[in-house]
Amino acid sequence: MYEHDVIVVGAGGAGLRAAIAAHEAGADVAMVTKLHPVRSHTGAAEGGINAALREGDDWELHAYDTMKGSDYLGDAPAIETLAKDAPEDTITLEHWGMPFSREDDGTVSQRPFGGLSFPRTTYAGAETGHHLLHVLYEQVVKRGIQVYNEWFVMNLAVTDEPDPNDRTCHGVVAYDVQSGTVEGFKANNGVIIATGGPGQAFDHTTNAVSCTGDGQAMAYRAGVPLEDMEFVQFHPTTLPSTGVLISEGVRGEGGILYNEDGERFMFEHGYANNDGELASRDVVSRAELTEVNEGRGVNDEYVHLDMRHLGSERILDRLENILHLAEDFEGVDGLVEPMPVKPGQHYEMGGIETDENGKTCVDGLYAAGECACVSVHGANRLGGNALPELVVFGKRAGYHAAGKDLGEAEIETGYSTDVEDETETELPITPGEAGIEPVSTSESVATDGSGQVAGGDALLEQAVGAERERVERLMEKESGTKHADIRSKLQNAMTRDVNVFREEEGLKRALKEIQECRELYQDVSVEDPSRTFNTDLQMTYETRNLIDVAETITLGALVRNEFRGAHWRLENQIRDDENWLKHTLISWNGGKPSIWYRPVILEGEDKTYEPKVRSY
Amino acid sequence: MAERYSSFAPGGTAWLLQRVTAAFLVVVLAYHFFLLHFVNHAWEITFGGTAARMENIGYFVTMILFLITATFHGVNGVYNALINQGLSGTPRKIVLGVLTIASLALIAQGIWVALVWRGMM
Amino acid sequence: MSQSYNRGLIEDFGRWKEFSAGMWAWIFHKFTGWMLIGYLFTHIAVLSTAIAGEQAYTNTLQGLEALFVVRLLEVGLLAVAVFHILNGIRLLMVDLGIGLEAQDKTFYASLIITGAITVASVPTFMTEVGF
Amino acid sequence: MSTQQQQPEEPETQESPVEGEPETESAPEPQQRRLERKRLGQAQREQAEAETEPEETKIHLKVFRYDPEVEAKQEPRFDDYYVPYERGMTVLDALIYARDEFDSSLTFRHSCRQAICGSDAFFVNGSQHLGCKTQLSELEQPVRIEPLPHQEVIKDLVVDMEHFYDQMHSVEPYMKQEDLPDGDLEEFRQSRENREKIKMSTRCIWCGACMSSCNIAAGDNQYLGPAAINKAYRFAMDEREDEEIKEHRLRIIEQEHGVWRCQTQFSCTEVCPKDIPLTEHIQELKREAVKKNLKFW
Ligand SMILES: Cc1cc2nc3c(=O)[nH]c(=O)nc-3n(C[C@H](O)[C@H](O)[C@H](O)COP(=O)(O)OP(=O)(O)OC[C@H]3O[C@@H](n4cnc5c(N)ncnc54)[C@H](O)[C@@H]3O)c2cc1C
Ligand code: HEM
Ligand code: SF4
Ligand code: F3S
Ligand code: FES
């Protein structure tokens with residue numbers, strides 16, 4: 001067993017920043033990550049990081065834009081924290097050596113991004129995430145923070161009091177991919193989950209193969225609510241063949257979208273008369289799909305993104321990476337022809353419910369980054385708002401876990417009796433049911449249900465034992481269903497029915513198929529008999545996590561019968577502030593998943609945000 | 001501060017000298033080849049001819065320098081190549097010793113021959 | 001770097017077919033360098049016959065020069081030396097950071113020029129030899 | 001409602017692979033196929049796909065297999081896979097296909113599929129390539145895929161990267177100065193020229209291809225290697241670092257097993273998937289080191 005004050009699960013932007021902060025606050029911190037830190041998907045972020053740095057801009061404008069972008073489903077305290085902390089945290093990155101693009105006077109460059117009232121997206125070419133990730137990793141190396149590299153976290157060691165709000169997290173159970181050993185990692189002060197998004201639930205996605213929502217699924221099974229999972233961002237400009245992202249920076253710099261008839265449809269068909277291509281992502285994604293559905297798509301599949309008029313000098317200076325991506329993955333030379341693009345899954349707005357300090361309702365358990373939902377993005381994330389989220393909330397979670405006083409949080413977490421329970425929607429399935437091997441609360445909680453465990457060590461040992469047993473079971477099974485088949489069934493269902501346009505019937509069908517995936521999973525087997533670098537085993541674990549997360553996404557999408565931000569519903573194509581200014585939460589309470597709601601907090605520090613029509 | 005700069009990294013010195021000698025050798029080797037194969041033909045070489053050329057002190061000095069630089073350049077090149085292939089520790093010290101002795105012997109022998117030509121030995 | 005088992009020819013020179021210009025240049029330069037230092041030692045040894053007396057020297061040299069093989073070896077030496085010089089100059093340029101993008105072209109140029117010079121010098125080397 | 005079903009495993013829209021010429025006859029054909037498929041329903045669509053399959057060409061892969069624990073694999077061997085080719089298919093796509101369809105125990109690292117995570121550098125047909133960035137159409141068949149040379153093989157295509165990481169860490173790869181903004185947000189200015197100078201060097205994705213291609217690194221375990229030297233270059237050339245720190249860095253890279261080991265083989269530069277001019281950077285550091293030393297003679 002390993003023991004540290006703070007254990008950070010995941011070493012993407014959020015995890016690295018959290019570890020640095022915890023280290024700064026004096027904690028003995030270690031990172032446990034299934035990929036070497038520099039392999040994390042933060043490296044794929046292209047566009048930039050939003051921060052109000054310049055004269056004429058201020059954090060209040062940033063907060064306002066973010067709230068508007070969220071379609072009034074973001075919590076004001078979270079949004080204001082983000083907007084206020086982002087400038088300093090961005091400049092901190094700069095001081096750590098992040099090679100931002102520069103102006104003539106040597107200050108960092110900023111560019112316009114969709115949904116922003118001021119060009120405040122600070123960038124480093126079209127590879128901002130790569131630089132952010134590497135700079136943070138450099139700082140981790142500098143501080144000598146311990147990294148358990150290629151250790152796959154399988155489960156959390158959480159006590160099993162009946163009410164999740166009373167539980168405590170004592171550490172994690174992880175599997176050394178290289179040697180196959182299962183070990184416990186005890187965390188004396190806290191565990192910070194920073195495992196990134198669940199994009200692999202879909203099959204056309206900008207996310208990496210490793211983005212499997214592990215952290216969300218683990219927290220969910222430990223009783224922590226998942227919040228607003230139905231809000232999945234589909235990025236309007238991904239390459240049709242691979243899902244590789246063409247940054248919003250292209251449109252930020254002035255790139256134009258055309259349909260097959262050469263019309264600049266964002267204006268000509270009135271999708272966004274003011275902002276055109278730079279309207280919020282959900283608006284542009286729907287516009288593109290509408291064009292395609294109405295027969296104006298190129299090859300009936302995609303639209304064109306043209307940046308040729310920007311001139312090669314400007315393109316090379318600011319968007320060089322885009323040229324490489326278009327060339328390598330689509331065979332298109334962005335300097336001489338327009339690039340084909342279509343919407344693809346990109347970002348999960350929802351996630352593990354936390355407060356502004358990254359804390360969940362379970363004691364000692366934190367979450368930060370894409371896997372978390374402090375609720376800054378609400379129903380729709382603005383481009384360039386995820387990277388500041390990583391550094392701002394990663395840092396806060398790190399500080400808080402290490403015991404630094406950040407003041408009382410304003411956001412509430414955890415189920416309580418005074419919340420509103422979901423009662424109306426009829427579910428076609430009982431979530432997580434049907435003798436499903438992977439999901440049951442007693443599984444995730446490592447004890448006998450008495451709520452009485454003699455300290456963290458015993459708990460952790462039990463949890464380790466449980467995982468070792470599971471591994472044995474999976475490995476010993478002679479033959480069965482392959483995880484890959486289950487995964488692709490799941491991805492197809494999600495992409496078909498839980499996409500940009502959603503309708504009740506499709507969502508129900510998806511839920512049934514997810515249920516079928518669960519059933520199939522009971523029969524899953526690991527073919528590879530080796531203990532050494534058994535990715536078969538790892539992916540089998542991941543697939544189970546994907547099933548759980550996909551189910552919450554679909555459940556959320558089914559119950560929320562309105563059109564808000566990224567979530568569109570055929571049956572009710574309006575934003576219904578009357579009934580739906582509230583977060584969807586799904587959690588395991590007393591042995592079964594339940595869906596409930598919590599009102600959105602629109603009262604900011606010194607003003608209240610009034611929901612307005614979101615037009616661009 | 002002083003000692004910080006005085007420690008000229010050995011790898012660096014050797015590297016630099018390898019380049020400097022190379023630059024010198026380009027000129028001298030070309031000259032040497034040209035002189036002994038094209039101006040004077042190799043099959044016409046006699047002791048007397050060589051001795052005559054050696055009379056010229058400039059030529060004599062050039063040839064001695066040629067010998068020294070070529071030996072250094074060649075032997076250092078070989079040594080480097082061996083290190084690049086992972087030679088280290090004691091074997092490396094031994095190789096260095098052997099190569100140094102061989103070079104010194106070669107240079108000594110060469111100078112001796114040259115002096116013979118000049119009639120000085 | 002160490003290896004957990006022997007991958008035989010896959011390693012190193014087993015993949016010579018895939019070598020690019022820079023690798024070939026490196027190998028040739030090594031090879032020619034070793035030839036040259038080898039020759040230098042031989043050369044001094046041969047010249048040392050002068051110590052034994054004028055006649056011995058002249059006889060040795062002219063005796064050697066009368067052999068066809070020696071002439072052939074001399075042409076080879078010339079080729080080796082010329083390549084080493086030309087590629088050496090190329091390497092010196094590389095050290096100075098000049099023309100790095102053209103490093104493959106300059107290597108091919110060195111080869112071609114070496115070939116040309118060698119061929120052009122054959123008549124000179126081959127005159128007045130028996131056979 | 002959803003129109004996104006024409007899904008990823010369908011890279012036939014890809015026109016030309018990395019450096020290849022666009023193949024012109026391709027244009028009308030995929031379009032037709034797509035249009036046709038659009039008219040069909042989803043179920044039929046799948047059927048249609050299955051039907052067209054037999055016509056598809058197959059790519060012959062020869063993949064290196066080794067597992068110290070599994071008896072049949074203890075002696076390294078090559079397995080053959082025949083993977084149906086689709087336009088724009090990369091080496092990584094083919095491996096994923098082979099793993100998911102034929103043999104779940106086929107092991108390789110991969111993640112981003114877009115040449116940014118640096119996990120999937122393999123030895124393909126005799127040279128180092130990123131799997132996700134290498135088009136099958138550019139390779140001769142059979143496509144021989146092996147783990148990176150000169151590194152310990154853990155299993156199949158997975159190699160031990162620890163040594164590479166150690167070398168990267170040994171050049172102290174981080175900004176040294178300690179100032180941080182304290183409220184007034186003073187930026188740490190850098191000229192455009194200077195950013196331009198270090199730009200290429202900051203692109204490294206730690207894939208290890210360069211190190212694996214370098215014969216010197218193969219022979220000399222302590223040689224820092226092109227990637228680590230490039231990392232040192234990134235900081236040594238950054239104008240924001242103090243003179244003294246730069247000196248310190250030069251000291252690190254001009255140690256015995258530092259820059260002097262480089263014999264300008266250029267293999268590293270050739271294989272770097274991010275087109276970093278590694279040899280150029282190494283050479284510049286050599287000159288810097290010499291200059292620095294000469295100054296005080
Ligand atoms: C193509 C693309 C472009 C983007 N561009 C932008 C942009 O321009 N601006 C912006 O603001 N945002 C952008 N985003 C969004 C943003 O990059 C991501 O939301 C963010 O990087 C997520 O960071 P993270 O630290 O939460 O997770 P990640 O970087 O994904 O890291 C997850 C970490 O968790 C580890 N992990 C996962 N599961 C386990 C497990 N079970 N056990 C152990 N470790 C585990 C992984 O190894 C990894 O280290 C973009 C996203 C994508 C996909
Ligand atoms: C005529 C001009 C010459 C030039 C320009 C020249 C240039 C060079 C250079 C630049 C190197 C270093 C290569 C490197 O470290 O990357 C080198 C290596 C070498 N040179 Fe020369 N050289 C010349 C003549 C000679 C002569 C006359 C000899 C023999 C005595 C010789 C023997 C060698 C050897 C043995 C090496 C080492 C090769 C290796 O790396 O294995 N060179 N030369
Ligand atoms: S320098 Fe290039 S080849 Fe080497 S590790 Fe970095 S990206 Fe890979
Ligand atoms: S391959 Fe090796 S020798 Fe130098 S130029 Fe590259 S580091
Ligand atoms: S999969 Fe990330 S670099 Fe190839």
Side-chain angles (χ1 to χ4, degrees), chain A residues 35 38-39 41 43-44 53 87-88 91-92 94-97 99 102 104 106-108 130-131 138-139 141-142 178 203-204 208-210 240-244 289 292-293 299-301 325 327-332 340 482 484 495-497 499 501 503 527-533 535-536 570, chain D residues 1-8 10-11 13-18 22 31 34-35 38 42 67-70 88 100 104-105 107 110-119 133 154-155 158 161 169 173-175 179-181 183 185 187-192 195 198-199 202-203 205-206 235 238:
Chain A
L35 301 174
V38 302
R39 319 265 176 243
H41 205 53
L53 297 174
E88 185 174 327
I91 295 303
T92 301
E94 195 240 16
H95 282 237
W96 283 340
R102 299 282 166 172
D104 287 333
T107 54
V108 298
H130 165 79
H131 294 309
E138 284 160 17
Q139 293 299 314
V141 172
K142 182 176 185 180
Q178 225 183 89
D203 80 350
H204 189 83
V209 177
S210 61
S241 52
T242 48
V244 166
L289 274 191
V292 173
N293 289 346
N299 284 345
D300 269 321
E301 189 193 355
L325 292 176
E327 179 73 41
D328 293 344
F329 300 102
E330 201 67 45
V332 167
K482 280 199 221 179
T495 303
R496 189 188 60 225
D497 290 324
N499 215 303
F501 293 116
E503 52 186 301
E527 269 177 35
D528 190 346
S530 176
R531 292 278 160 177
T532 308
F533 226 94
T535 49
D536 196 9
L570 177 73
Chain D
M1 231 26 229
S2 154
T3 50
Q4 282 214 307
Q5 296 93 329
Q6 299 93 328
Q7 279 320 315
E10 198 194 58
T13 45
Q14 209 138 330
E15 296 302 337
S16 84
V18 191
Q31 183 177 352
R34 248 191 308 272
L35 285 173
K38 224 207 149 188
Q42 168 75 9
D67 187 327
E69 253 187 275
V70 177
D100 288 352
S104 320
S105 70
T107 307
H110 66 300
S111 182
C112 68
R113 324 166 340 282
Q114 54 179 89
I116 196 69
C117 74
S119 322
K133 205 187 163 205
I154 295 175
K155 174 176 171 185
V158 177
M161 296 287 284
H169 294 168
Y174 35 77
M175 204 78 167
D179 302 336
L180 282 182
L185 293 186
E187 279 156 62
F188 195 13
R189 298 187 185 207
Q190 180 185 25
S191 69
R192 270 167 177 272
R195 174 175 186 271
I198 62 164
K199 185 171 102 183
T202 60
R203 282 196 176 169
I205 56 175
W206 296 45
F235 290 103
D238 195 313

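Remember, predicted model here, so these are calculated numbers, not experimental data. Each chain gets a letter, A, B and so on, in the order the sequences are listed, and its residues count up from 1.
Interatomic distance, A/Arg39 CZ to D/Ile205 CD1, rounded to the nearest 0.5 Å: 7.5 Å. A/Glu138 CD to D/Met175 CE: the interatomic distance, rounded to the nearest 0.5 Å, is 9.5 Å. Residue A/Glu327 holds its CD atom at 9.5 Å from NZ of D/Lys133, rounded to the nearest 0.5 Å. Within the model, atoms CD of D/Glu187 and CD1 of A/Ile91 stand 4.0 Å from one another, a figure rounded to the nearest 0.5 Å. Interatomic distance, CD of D/Glu69 versus CG of A/Asp528, reported as 9.0 Å (0.5 Å rounding).
In this view, D/Tyr174 satisfies the ring pair (Phe, Tyr, Trp, His ring centres under 6.0 Å) rule with no residue, not counting sequence neighbours. Remark: A/His131 pairs with no residue by the ring pair (Phe, Tyr, Trp, His ring centres under 6.0 Å) rule, at least two apart or across chains.
Closest approach of D/Lys155 to A/Ser530, counting heavy atoms only: NZ-CB, 3.8 Å. Between A/Phe533 and D/Thr107 the shortest heavy-atom distance is O-CG2, 3.3 Å.
Annotation: maximal heavy-atom pairing with chain D below 4.5 Å, among A/Thr535, A/Val244, A/Val38, A/Thr107, occurs at A/Thr107. If you tally non-hydrogen atom pairs under 4.5 Å between each of A/Ser210, A/Pro340, A/Pro529, A/Pro99 and chain D, the highest count goes to A/Pro99. Looking only at heavy-atom pairs under 4.5 Å with chain A, the residue among D/Cys112, D/Ala115, D/Ser111 that has the most is D/Ser111. Among D/Arg203, D/His169, D/Lys199, D/Met161, the residue with the largest count of heavy-atom pairs under 4.5 Å with chain A is D/Arg203. Chosen from A/Gly43, A/Ala44, A/Gly106, the residue pairing most often with chain D at heavy-atom distances under 4.5 Å is A/Gly106.
With a 4.5 Å cut-off on non-hydrogen atoms, A/Lys142 touches chain D through its backbone and its side chain both. In this structure, the portion of D/Arg195 lying under 4.5 Å from any heavy atom of chain A is its side chain and not its backbone. Proximity to chain A (any heavy atom under 4.5 Å) is restricted, for D/Asp67, to the side chain, taken from C-beta onward.
Looking at A/Thr242 and D/Gln114, their side chains never come closer than 4.5 Å, going by heavy atoms from C-beta outward. Counting heavy atoms from C-beta outward, A/Leu35 and D/Cys117 have side chains that stay 4.5 Å or more apart.
A donor-acceptor contact shorter than 3.5 Å links the side chain of A/Glu94 to the backbone of D/Phe188.
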